[in-house]
Chemist: 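Before anything else, here's the structure in question.
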Amino acid sequence: MLTGAAAPDGVSRPTPYDRGMSTRIAFLKGHGTENDFVIVPDPENAIDLSPAAVAALCDRRAGIGGDGLLHVVRSSAHPEAKDMAAEAEWFMDYRNGDGSVAEMCGNGVRVFARYLQHAGLVTDGDLAIATRGGVKRAHLDKEGDVTVGMGRARLPEGDVTVSVGERSWPARNVNMGNPHAVAFVADLAHAGDLSAAPPFSPASAYPDGVNVEFVVDRGPRHVALRVHERGAGETRSCGTGACAVAVAAARRDGADPAATGVPATYVVDVPGGRLLITERPDGEIEMTGPAVIVATGEIDPEWLETVAR
Ligand SMILES: N[C@@H](CCC[C@H](N)C(=O)O)C(=O)O
């Protein structure tokens, strides 16, 4: 047992494990179509998750590893979510793997819903989750998938170009609460190495950076993507990205549910699985996909304190 290790002088000193007893920090690990997250439950917003601490936790070699982090806080305890507390008890304080803050994360919100169910914090299959992009409603399907109302897409006007090496493509600017540039390409391999952000122009299109999706057709209303995520590099999936891609593909294909009254559903394949995206005539976008909790554990509070600075 790891308590009270006796030193050669016979004096019993607390081990790091003992020192952490009063401040144990739980974590879970989860993923949605292999977009993976460190989950830190912190109902009263008591843990100081500095950008450095988040980056260290998400580090795949020296930390737990993840594309991002889901800080689970009661809405009433977070200054950015207080206003949403009446509608949604829990706030998804989402951070990218590099420690930066993002407005929304589509795969994250499904995994967040799965966590609330796993922890017994919701009693029914329909729940509301506060995010920086507003309150999102999730439904835990019996089959194990989670469906989320992602809100409406905004399509800011103006031409955008993204480049990889010698190649460049026109891209559609789609905002799903967070910014996306969607480029249709002949071959996903043309996107090259997406660990670094592909350059885009004009720079004014995305003053805070952008998530970039490269898309190919797989069949009627069936596409596949690769993505560079702002603050994370190339990931195996991006939920908001899949929604942005579905909307960009629909407009390219001449489908506009608001104009025709007919919903448009796209199958979006990502390297880590498959998402189903439907745009309804009222503009609301629904995303369905898996959400899995894979592990639970404890963070050493002393380590966290060291890396947080
Ligand atoms: N993986 C997410 C998006 C996470 C935020 C993004 N990197 C950003 O900075 O906007 C998703 O599933 O939507």
Side-chain angles (χ1 to χ4, degrees), residues 29-39 51 54-55 57-58 60 65-71 80 91-115 129 131-134 136 138 145-154 156 162 171 173-182 194-198 200 205-215 225-248 266 268-277 285-292:
K29 181 78 195 279
H31 78 93
T33 49
E34 298 179 4
N35 199 192
D36 64 338
F37 309 103
V38 178
I39 303 163
V54 171
L57 286 163
C58 290
R60 295 194 182 280
D67 295 324
L69 182 143
L70 309 176
H71 185 205
E80 289 180 82
F91 173 54
M92 179 179 80
D93 172 16
Y94 183 78
R95 315 290 183 87
N96 283 317
D98 70 352
S100 60
V101 169
E103 303 88 338
M104 236 311 266
C105 177
N107 290 318
V109 84
R110 293 199 321 278
V111 173
F112 195 99
R114 176 71 71 224
Y115 162 73
I129 295 166
T131 75
R132 291 190 178 86
K136 307 295 173 196
D145 277 351
V146 181
T147 298
V148 179
M150 297 285 288
R152 291 178 168 75
R154 280 195 302 110
V162 297
N173 185 350
V174 184
N175 193 293
M176 286 301 309
N178 58 351
H180 295 267
V182 179
L194 288 178
S195 50
F200 61 85
Y206 301 108
D208 301 319
V210 65
N211 304 285
V212 184
E213 288 81 24
F214 295 89
V215 189
L225 68 78
R226 281 180 63 202
V227 60
H228 168 88
E229 268 195 53
R230 179 179 66 166
E234 179 163 16
T235 62
R236 307 249 329 140
S237 180
C238 179
T240 50
C243 295
V245 163
V247 171
Y266 279 75
V268 181
D269 287 342
V270 294
R274 176 168 286 183
L275 295 165
L276 207 62
I277 312 292
I285 296 167
E286 277 181 357
M287 171 191 57
T288 300
V292 186

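Atoms within each ligand, like the ligands themselves, are counted from 1 in listed order. Numbers for residues simply follow the sequence, beginning at 1. Note that the coordinates shown come from a computational prediction; the quantities given were computed from them, not determined experimentally.
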Chemist: R226 vs E234, test: side chain to side chain contact (heavy atoms under 4.5 Å, CB included). Steps then yes/no.
Modeler: CA-CA 8 Å; R226 281 180 63 202; E234 179 163 16; 2.8 Å; yes

Chemist: Can C238 and H180 be said to form a side chain to side chain contact (heavy atoms under 4.5 Å, CB included), step by step?
Modeler: CA-CA 10 Å; C238 179; H180 295 267; 3.9 Å; yes

Chemist: Using a 4.0 Å cut-off on heavy atoms, what residues surround ligand 1? Order them by chain and number.
Modeler: N35, Y94, N96, A102, M104, C105, G106, N107, N178, N211, E229, R230, C238, G239, T240

Chemist: Passes salt bridge (charged side-chain N to carboxylate O under 4.0 Å, His left out), R60 versus D36? Steps please.
Modeler: CA-CA 11 Å; R60 295 194 182 280; D36 64 338; 2.7 Å; yes

Chemist: Which residue is it: N173, N211, N175? I am looking for the one with a side chain to side chain donor-acceptor pair (under 3.5 Å) to Y206.
Modeler: N173

Chemist: Taking R110 for the side chain and P290 for the main chain, is one N or O donor matched with an acceptor at less than 3.5 Å?
Modeler: yes

Chemist: For residues D67 and T235, is any side-chain donor paired with an opposing acceptor at under 3.5 Å?
Modeler: no

